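In this text, all values refer to a predicted model and were calculated from it rather than measured experimentally. In what follows, chains carry the letters A, B, and so on, assigned in the order in which the sequence lines appear, proteins first and then strands, with residues in each chain numbered from 1.
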Protein chains: 2
Amino acid sequence: MAATRRPRPHSHAPRALEEVAAIRSHGRRLTRQRALIWDALVRAGDRHLSAREVADAVHGPAPELHQATIYRALDVFVADGLVRRTDFGDGRAVYELAAEHRHHHVVCTSCGAVAHVHDDAVRPALGRVEAESGFRLADAELTFHGTCAACGAATG
Amino acid sequence: MAATRRPRPHSHAPRALEEVAAIRSHGRRLTRQRALIWDALVRAGDRHLSAREVADAVHGPAPELHQATIYRALDVFVADGLVRRTDFGDGRAVYELAAEHRHHHVVCTSCGAVAHVHDDAVRPALGRVEAESGFRLADAELTFHGTCAACGAATG
DNA sequence: ATTTATGCAAACGTTTTGCATGTGT
DNA sequence: ACACATGCAAAACGTTTGCATAAAT
């Protein structure tokens with residue numbers, strides 16, 4: 001399959017030292033693949049990416065980078081607290097840098113659109129839920145499901 | 001909502017006419033399989049069941065009842081508004097009668113335990129989220145993720 | 001040198017689908 | 001009689017895993 005694949009000598013944008021440090025934070029090894037995956041998340045900013053979208057972003061520079069490697073890298077990042085994983089519960093799960101501001105999501109059950117919600121709109125409720133359930137929700141992220149304005153107008 | 005709210009006996013009574021009517025509500029056909037699946041949900045009360053648990057419950061009386069049929073029946077019930085489906089976002093999805101009181105769930109990310117949360121603990125937040133996002137969350141159900149008391153104690 | 005990470009393929013569990021047969025209405 | 005529902009097997013889906021190889025420390 002891969003005829004001539006030569007290992008690119010450390011490619012394009014100079015990676016910031018802090019990012020390297022972050023990946024290495026828990027004694028992990030800095031590999032070309034992890035750097036690429038990390039870069040994809042950095043470039044995405046506060047737009048979360050699915051595992052598939054990470055693959056798309058990364059397959060330009062490294063077409064042979066396997067999806068399994070992406071899952072493993074993302075798992076590591078999540079385990080190290082560098083990346084946040086959100087499962088929308090409709091078959092989609094997405095990843096974004098933990099450094100982004102904490103926020104919550106609203107997903108349109110009709111068209112799948114996703115919007116962000118500020119934490120302060122939600123925090124008081126978290127306290128009440130903690131009190132009632134005895135669970136700790138310290139850094140909980142919520143995913144709301146509803147109907148977006150566009151779909152509401154169309155259907156309603 | 002039913003006009004006459006009879007105190008639901010915990011036991012499973014002979015199939016009530018209202019239940020038959022419910023299944024038929026949208027011109028659906030009342031089949032043996034659907035009746036069994038429905039009964040499983042009724043017997044479960046406010047304990048939600050996974051698709052697999054419905055299968056287990058139903059395979060006593062009808063061992064040949066195929067899992068695909070269960071998914072199709074549950075889809076129909078959900079489409080007709082008789083059953084509520086909740087996807088916990090950790091690979092588990094569960095079903096319960098829509099007639100049960102509306103409530104929300106807290107899932108322990110460590111052990112998977114699930115607790116219920118009353119709607120009034122949460123409703124004010126829903127309004128704020130609606131305002132901020134422009135989404136409509138009328139009958140939204142939330143799934144919170146956190147650490148249950150037992151796991152919190154164990155881990156520190 | 002040692003340990004960890006990768007590529008690959010294969011396995012996984014859940015859900016969906018095409019099609020022939022069977023059943024409620 | 002007819003449309004609809006079922007059983008079955010097979011496929012789709014996203015994700016995980018075992019293992020030999022490769023690369024980072």
Side-chain angles (χ1 to χ4, degrees), chain A residues 1-11 15 20-21 23-38 48-56 58-59 61-80 82-83 85-95 112, chain B residues 15 19-38 48-56 58-59 61-80 83 85-95 112:
Chain A
M1 191 190 282
T4 8
R5 180 106 308 280
R6 84 171 49 185
R8 283 212 180 188
H10 292 105
S11 53
R15 246 178 300 293
V20 172
I23 293 178
R24 287 209 169 114
S25 60
H26 292 245
R28 310 291 189 179
R29 290 180 182 179
L30 177 59
T31 65
R32 173 175 143 73
Q33 293 85 338
R34 286 180 181 170
L36 286 165
I37 292 163
W38 180 264
H48 40 245
L49 298 178
S50 68
R52 172 64 54 181
E53 288 169 328
V54 172
D56 293 344
V58 132
H59 275 161
E64 80 294 348
L65 205 169
H66 200 273
Q67 187 75 48
T69 301
I70 294 173
Y71 281 112
R72 284 189 276 224
L74 291 172
D75 282 352
V76 162
F77 293 161
V78 170
D80 291 355
L82 304 175
V83 164
R85 182 194 143 103
T86 305
D87 194 317
F88 287 153
D90 60 353
R92 291 182 297 163
V94 296
Y95 300 84
Chain B
R15 200 142 31 266
E19 298 181 357
V20 173
I23 293 178
R24 288 206 169 118
S25 60
H26 291 245
R28 309 290 189 179
R29 291 181 181 176
L30 177 60
T31 64
R32 173 176 144 72
Q33 292 86 339
R34 285 180 181 168
L36 285 165
I37 292 163
W38 180 264
H48 39 247
L49 299 179
S50 68
R52 171 65 53 181
E53 288 168 328
V54 172
D56 293 343
V58 131
H59 275 161
E64 80 294 346
L65 204 169
H66 200 274
Q67 187 76 46
T69 301
I70 294 173
Y71 281 111
R72 285 188 276 225
L74 290 172
D75 282 352
V76 161
F77 292 161
V78 170
D80 292 354
V83 164
R85 181 193 144 102
T86 304
D87 193 318
F88 287 152
D90 60 355
R92 291 182 297 164
V94 296
Y95 300 84

Tell me which donor-acceptor pairs under 3.5 Å the side chains of residues 72-80 of chain B have, and how far apart each pair is, sequence neighbours excluded?
{"unit_1": "B:D80", "atom_1": "OD1", "unit_2": "B:R28", "atom_2": "NE", "d": "3.4"}
{"unit_1": "B:D80", "atom_1": "OD1", "unit_2": "B:R28", "atom_2": "NH2", "d": "3.1"}
{"unit_1": "B:D80", "atom_1": "OD2", "unit_2": "B:R28", "atom_2": "NE", "d": "3.0"}

Could you tabulate the donor-acceptor pairs under 3.5 Å formed by side-chain atoms of residues 61-71 of chain B, not counting sequence neighbours?
{"unit_1": "B:H66", "atom_1": "ND1", "unit_2": "B:A68", "atom_2": "N", "d": "3.1"}
{"unit_1": "B:Q67", "atom_1": "NE2", "unit_2": "B:A51", "atom_2": "O", "d": "3.2"}

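Protein atom CG of A:D80 is 14 Å distant from nucleotide atom P of C:dT4, rounded to whole Å. The interatomic distance linking A:L74 (CG) with C:dT6 (C1') rounds to 15 Å, in whole Å. The separation between B:L65 atom CG and D:dA5 atom P is 14 Å, rounded to whole Å. When the P atom of D:dC4 is taken as reference, atom CD1 of B:I23 falls 18 Å away, rounded to whole Å. The distance between atom NE2 of A:H26 and atom C1' of C:dA5, rounded to the nearest whole Å, is 17 Å. Distance A:Q33 CD to D:dA22 P: 13 Å, rounded to the nearest Å.
Separating the CG atom in A:L49 from the OH atom in A:Y95 is a distance of 11.0 Å, to the nearest 0.5 Å.
Rounded to 10 degrees, the angle separating the terminal helix axes of the helix from C:dA1-D:dT25 to C:dT25-D:dA1, each built from five base pairs, is 30°.
Each of B:R34 and B:E64 was matched to the nucleotide of DNA chain D holding its nearest heavy atom; the match closer to the 5' end belongs to B:R34.
The shortest distance between side-chain heavy atoms of B:W38 and B:V83 falls below 4.5 Å.
Applying the side chain to side chain donor-acceptor pair (under 3.5 Å) criterion to B:D90, with sequence neighbours excluded, gives B:R92. Residues meeting the salt bridge (charged side-chain N to carboxylate O under 4.0 Å, His left out) test with A:R34, sequence neighbours left out: none.
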N/O to N/O distances under 3.5 Å, protein versus nucleotides 11-17 of chain C:
{"unit_1": "C:dT15", "atom_1": "OP2", "unit_2": "B:Y71", "atom_2": "OH", "d": "2.1"}
{"unit_1": "C:dT15", "atom_1": "O5'", "unit_2": "B:Y71", "atom_2": "OH", "d": "3.2"}

Quick tally for nucleotides 20-25 of chain C: nucleotides whose base has a protein heavy atom under 4.0 Å get B, sugar-phosphate-only ones S, the rest -, giving ----BS
